[in-house]
A.B. asks: 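Before anything else, here's the structure in question.
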Amino acid sequence: MSLPSQQVGLGLLFCPLNSNIVVRTACCSVGLVLPVYSTFKAIENKDPNEQHRWLLYWAAYGSFSVAELFAEKVLSWIPLYYHVKFVFLLWLQLPTINGARQLYASYLRPFLLKHQARLDLIVDFVYGEMGKFISAHQAELLFARTLATKVLVAANQIIRDIIHPVERESKRTEGPKRQVQDSESEVED
């Protein structure tokens, strides 16, 4: 009974005529959501083999993301680009294929070893500049953090009120009662 729905889902995903939003959402799910959860499980289970596997995945995925950042405007015009990207992301993480390990061993590791000294200088410089920036802008960063916290708390409350309107209504009815009780206790004092 679930077979037809699976066929419809795969048909929707791989149909070249559908909008890219379906395939892009699938890429995000396969490329980020599932690996984040798998990384969490590897860390929590303290499994060094799985941790190593997901470190390789993130190194390969990060490298791909940097390359895609510069080339996506051109690549997105190529027909079926997001379909190919989806298959590539699956290839990176499937344990039977172990594409991330292959990509790391064949291309990424040799490149990083060759340019390690130069990259270390760049990373040290960037971290140094970030430290200087943070030191010089403590007040602004504190203000931004406080503002972001207030916005998130307000947004959280709005979402809770939308999701649980009954609790909001019960708070409204309880609110005046408490005020009446409080004012009666003040009269008695």
Side-chain angles (χ1 to χ4, degrees), residues 5-45 47-134 137 140-141 144-145 147-148 151-152 155 159:
S5 66
Q6 288 174 348
Q7 289 175 345
V8 169
L10 289 174
L12 182 64
L13 181 64
F14 291 116
C15 176
L17 301 176
N18 70 0
S19 84
N20 280 340
I21 196 160
V22 173
V23 183
R24 290 178 82 172
T25 302
C27 286
C28 182
S29 299
V30 168
L32 291 170
V33 176
L34 294 174
V36 164
Y37 184 71
S38 298
T39 303
F40 160 77
K41 293 291 285 183
I43 292 169
E44 291 301 312
N45 293 335
D47 183 345
N49 292 331
E50 281 297 298
Q51 290 173 359
H52 186 258
R53 176 176 165 237
W54 289 107
L55 274 173
L56 291 173
Y57 172 80
W58 289 113
Y61 180 83
S63 302
F64 170 73
S65 295
V66 168
E68 185 184 41
L69 179 70
F70 295 107
E72 186 176 23
K73 296 295 182 199
V74 174
L75 293 174
S76 64
W77 285 93
I78 297 172
L80 303 177
Y81 165 70
Y82 291 105
H83 294 80
V84 172
K85 178 180 175 180
F86 179 78
V87 171
F88 173 73
L89 292 171
L90 285 175
W91 175 79
L92 280 180
Q93 57 184 281
L94 286 175
T96 53
I97 301 169
N98 219 344
R101 180 183 301 274
Q102 291 176 37
L103 186 68
Y104 179 80
S106 299
Y107 300 101
L108 189 56
R109 185 172 187 270
F111 174 82
L112 293 173
L113 286 173
K114 180 178 178 182
H115 301 287
Q116 186 172 5
R118 190 175 322 152
L119 291 170
D120 284 344
L121 290 173
I122 293 169
V123 168
D124 290 344
F125 174 76
V126 169
Y127 278 138
E129 292 300 310
M130 285 172 43
K132 290 177 192 175
F133 178 83
I134 289 170
H137 299 285
E140 293 91 344
L141 292 171
R145 185 176 119 195
L147 182 63
V151 167
L152 289 174
I159 291 170

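Source: prediction; values computed, not measured. Residue numbers count from 1 along this sequence.
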A.B. asks: State which residues pass ring-ring contact (aromatic ring centres under 6.0 Å, His included) with Phe133; sequence neighbours excluded, sorted by chain then number.
C.D. replies: His137
A.B. asks: Supply the atom-to-atom distance Tyr61 OH to Glu68 CD, rounded to the nearest 0.5 angstrom.
C.D. replies: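 Tyr61 atom OH to Glu68 atom CD measures 7.0 Å (nearest 0.5 Å).
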A.B. asks: Hey, can you pull the donor-acceptor pairs under 3.5 Å for the side chains in residues 113-125, sequence neighbours left out?
C.D. replies:
none

A.B. asks: Compare every heavy atom of Leu108 with every heavy atom of Ala60, then report the nearest pair and how far apart it is.
C.D. replies: N-CD2, 4.2 Å
A.B. asks: Measuring from atom CH2 of Trp54 to atom CG of Asp47, what distance do you get when rounded to the nearest 0.5 angstrom?
C.D. replies: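 Between Trp54 CH2 and Asp47 CG, I get 12.0 Å after rounding to 0.5 Å.
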A.B. asks: Does any part of the side chain of Leu75, heavy atoms only, come nearer than 4.5 Å to the side chain of Tyr82, both counted from C-beta?
C.D. replies: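 Answer no - side chains too far apart.
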A.B. asks: Considering residues at least two apart in sequence or located in another chain, which fulfil the side-chain hydrogen bond (donor to acceptor under 3.5 Å, both in side chains) criterion with Trp91?
C.D. replies: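 So Trp91 forms no side-chain hydrogen bond (donor to acceptor under 3.5 Å, both in side chains) with any residue.
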A.B. asks: Contact between Val84 and Val87 at the side-chain level, heavy atoms closer than 4.5 Å - yes or no?
C.D. replies: no
A.B. asks: Using every non-hydrogen atom in the two residues, find where Gln51 and Ala42 come nearest and quote the distance to one decimal.
C.D. replies: NE2-O, 3.2 Å
A.B. asks: Can you name the residues that form a side chain to side chain contact (heavy atoms under 4.5 Å, CB included) with Tyr107, not counting sequence neighbours?
C.D. replies: Leu103
A.B. asks: Roughly how far, to the nearest 0.5 Å, is CZ of Phe111 from OH of Tyr104?
C.D. replies: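 Here the interatomic distance stands at 13.0 Å.
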A.B. asks: Ion pair present between Lys132 and Glu129, side-chain N to carboxylate O less than 4.0 angstrom?
C.D. replies: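 The answer is yes: the pair qualifies as a salt bridge.
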A.B. asks: Could you give the distance from CD1 (Ile97) to CG (Leu90), rounded to the nearest 0.5 Å?
C.D. replies: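 Going from CD1 on Ile97 over to CG on Leu90, the span is 8.5 Å.
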A.B. asks: Not counting sequence neighbours, which residues clear ring-ring contact (aromatic ring centres under 6.0 Å, His included) with Phe70? List them please.
C.D. replies: none
A.B. asks: Output yes when a side-chain donor or acceptor of Tyr57 lies under 3.5 Å from a complementary backbone atom of Asn98, and no otherwise.
C.D. replies: no
A.B. asks: Quick check on side-chain contact (heavy atoms from CB on, under 4.5 Å): which of Cys28, Ser29, Cys27 does Phe86 satisfy it with?
C.D. replies: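 Testing each of Cys28, Ser29, Cys27 against Phe86, the sole residue satisfying side-chain contact (heavy atoms from CB on, under 4.5 Å) is Cys27.
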A.B. asks: Please check: side-chain N/O of Arg53 versus main-chain N/O of Gln93, any donor-acceptor pairing under 3.5 Å?
C.D. replies: yes
A.B. asks: Return the CG to CZ distance between Leu55 and Arg101, rounded to the nearest 0.5 Å.
C.D. replies: 11.0 Å
A.B. asks: Look up atom NE2 in His83 and atom CD1 in Ile78, then write down how far apart they are to the nearest 0.5 Å.
C.D. replies: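 If I round to the nearest 0.5 Å, the distance is 14.0 Å.
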A.B. asks: Considering residues at least two apart in sequence or located in another chain, which fulfil the ring-ring contact (aromatic ring centres under 6.0 Å, His included) criterion with Tyr81?
C.D. replies: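 Counting only residues at least two positions away or on another chain, Tyr81 forms no ring-ring contact (aromatic ring centres under 6.0 Å, His included).
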A.B. asks: Which heavy atom of Pro35 sits nearest to which heavy atom of Gly31, and what is that distance?
C.D. replies: CG-O, 3.4 Å
